[in-house]
Number of protein chains: 2
Amino acid sequence: MGELSTGLRRGTLEFCVLAMVEVEDRYGNEIVRRLGDEPNLAAGEGTIYPLLSRLRRSGWLESKWVESPSGPPRRYYGLTAAGRSALEHFRSEWVSFRQTVDRLVGTGETA
Amino acid sequence: MGELSTGLRRGTLEFCVLAMVEVEDRYGNEIVRRLGDEPNLAAGEGTIYPLLSRLRRSGWLESKWVESPSGPPRRYYGLTAAGRSALEHFRSEWVSFRQTVDRLVGTGETA
DNA sequence: GGACCTACCTTGCGTCGCAAGGTACCGTGT
DNA sequence: ACACGGTACCTTGCGACGCAAGGTAGGTCC
């Protein structure tokens with residue numbers, strides 16, 4: 001049944017990316033590296049670049065090209081108003097979802 | 001970008017089903033109905049039946065046919081030893097994953 | 001025997017994670 | 001000048017899975 005966390009990422013990863021961009025504008029490779037530090041969310045370029053394109057087409061992210069101090073130019077992403085409200089919507093949805101799963105599968109903690 | 005919770009279910013739904021079966025043996029239609037009560041996890045037959053087949057083929061569930069007091073026979077599912085340990089594994093993975101997402105997207109609660 | 005409920009399962013489609021492959025810019029060393 | 005390695009972008013092809021829709025059949029009631 002494949003890697004366990006692969007499935008968990010679905011539907012969550014995109015909002016983690018939105019949240020990272022919310023803090024400050026970021027570029028693709030930076031996002032890949034930062035996510036690499038999170039064992040549960042590590043995702044390669046082949047995941048992130050298509051995801052960023054989708055978010056751009058959905059109107060949740062906008063991008064601008066910025067020259068790098070050393071190396072090829074970078075595409076920086078920033079949150080749009082729609083992206084911000086989508087993220088807000090996810091935050092409340094996530095809390096509710098997380099509680100449901102906690103209750104059903106039971107975490108061992110006393111509910 | 002489709003229904004929000006559709007993506008969230010991915011990778012979680014199967015373990016919620018395992019957890020339901022852990023409590024006591026259950027049959028397909030019962031599982032569909034019970035999940036229907038959970039707004040975040042509601043899934044139709046077209047989702048659950050293939051999922052149960054996968055879990056059976058993975059060796060996490062076993063099944064036996066039982067006559068219904070009224071209606072067609074039911075296929076009851078029970079947890080195997082492998083299924084039980086997969087569920088245990090998920091429980092710890094889930095806690096870790098949940099915390100990572102909470103930290104990254106921020107729930108508004110004070111960390 | 002017709003209508004309806006219950007219960008099972010399959011088909012076809014779309015989305016998305018991901019490995020692998022591809023292009024191009026830049027700096028450094030020779 | 002040229003090769004090499006690092007950075008940064010993107011695409012292709014595949015597989016997994018949620019899901020709507022469609023299909024079969026047993027049971028009950030009138």
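Proteins get letters first, then strands, A, B, ... in listed order; numbering begins at 1 in each. No hydrogens, no waters, no symmetry mates; every other heavy atom, side chains included, goes into these values.
Within a heavy-atom distance below 4.0 Å of DNA chain D, the residues of residues 24-38 of chain A found are A:Tyr27, A:Gly28, A:Asn29, A:Arg33.
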Exercise answer: donor-acceptor pairs, residues 7-23 of chain B side-chain atoms, under 3.5 Å, sequence neighbours excluded:
residue, atom, partner, partner atom, Å
B:Arg9, NH1, B:Asn40, O, 3.0
B:Arg9, NH1, B:Ala42, O, 3.4
B:Thr12, OG1, B:Leu8, O, 3.2
B:Glu22, OE1, B:Arg91, NH2, 3.0

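Of the candidate nucleotides C:dC18, D:dG18, D:dG26, D:dG18 has the atom lying nearest to any side-chain atom of B:Arg9. Considering only side-chain atoms of B:Arg74, the nucleotide from C:dC8, D:dG26, C:dC9 that sits closest is C:dC8. The nucleotide whose nearest atom lies closest to any side-chain atom of A:Trp65 is, among D:dC19, C:dC9, D:dC10, D:dC10. For B:Ser70, the side-chain atoms get nearest to D:dT28 when compared with the rest of C:dC8, D:dT28, C:dG27.
Residues passing the side chain to side chain donor-acceptor pair (under 3.5 Å) test with A:Glu45: none are found, sequence neighbours excluded. A search for ring pair (Phe, Tyr, Trp, His ring centres under 6.0 Å) contacts involving A:Tyr49 returns nothing, not counting sequence neighbours.
Formation of a donor-acceptor pair under 3.5 Å by the A:Ser58 side chain with backbone atoms of A:Trp60 is not found in this model.
B:Tyr77 OH to B:Leu55 CG: the interatomic distance, rounded to the nearest 0.5 Å, is 9.0 Å. Note that the CG atom of A:Leu4 and the CD atom of B:Glu93 stand 5.0 Å from one another [nearest 0.5 Å]. For the atom pair CZ (B:Arg84) and CG (B:Leu87), the distance works out to 8.5 Å, reported to the nearest 0.5 Å. Atom CG of B:Leu52 is separated from atom OH of B:Tyr27 by 13.0 Å, given to the nearest 0.5 angstrom.
One can place OH of B:Tyr77 at 14 Å from P of C:dA7, the figure rounded to the nearest angstrom.
Put simply, the side chain of B:Glu45 and the base of C:dC9 share a donor and an acceptor less than 3.5 Å apart. Donor-acceptor pairing under 3.5 Å, judged by distance alone, is present between the side chain of A:Arg10 and the base of C:dC16.
Within the helix from C:dG1-D:dC30 to C:dT30-D:dA1, the inter-axis angle between the opening and closing five-pair segments is 10°, rounded to 10°.
At a threshold of 4.0 angstrom between heavy atoms, the contacts of A:Thr6 are confined to the sugar-phosphate backbone, with no base atom among them.
Dashed line: the shortest gap from a side-chain N or O of B:Arg54 to OP1 or OP2 of D:dC17 is under 4.0 Å. Contact annotation: A:Thr47 side-chain N/O to C:dG17 OP1/OP2 distance is not under 4.0 Å.
Every pair passing salt bridge (Lys or Arg N to Asp or Glu O under 4.0 Å) that includes a residue from residues 63-78 of chain B is listed here, sequence neighbours excluded: B:Asp25-B:Lys64.
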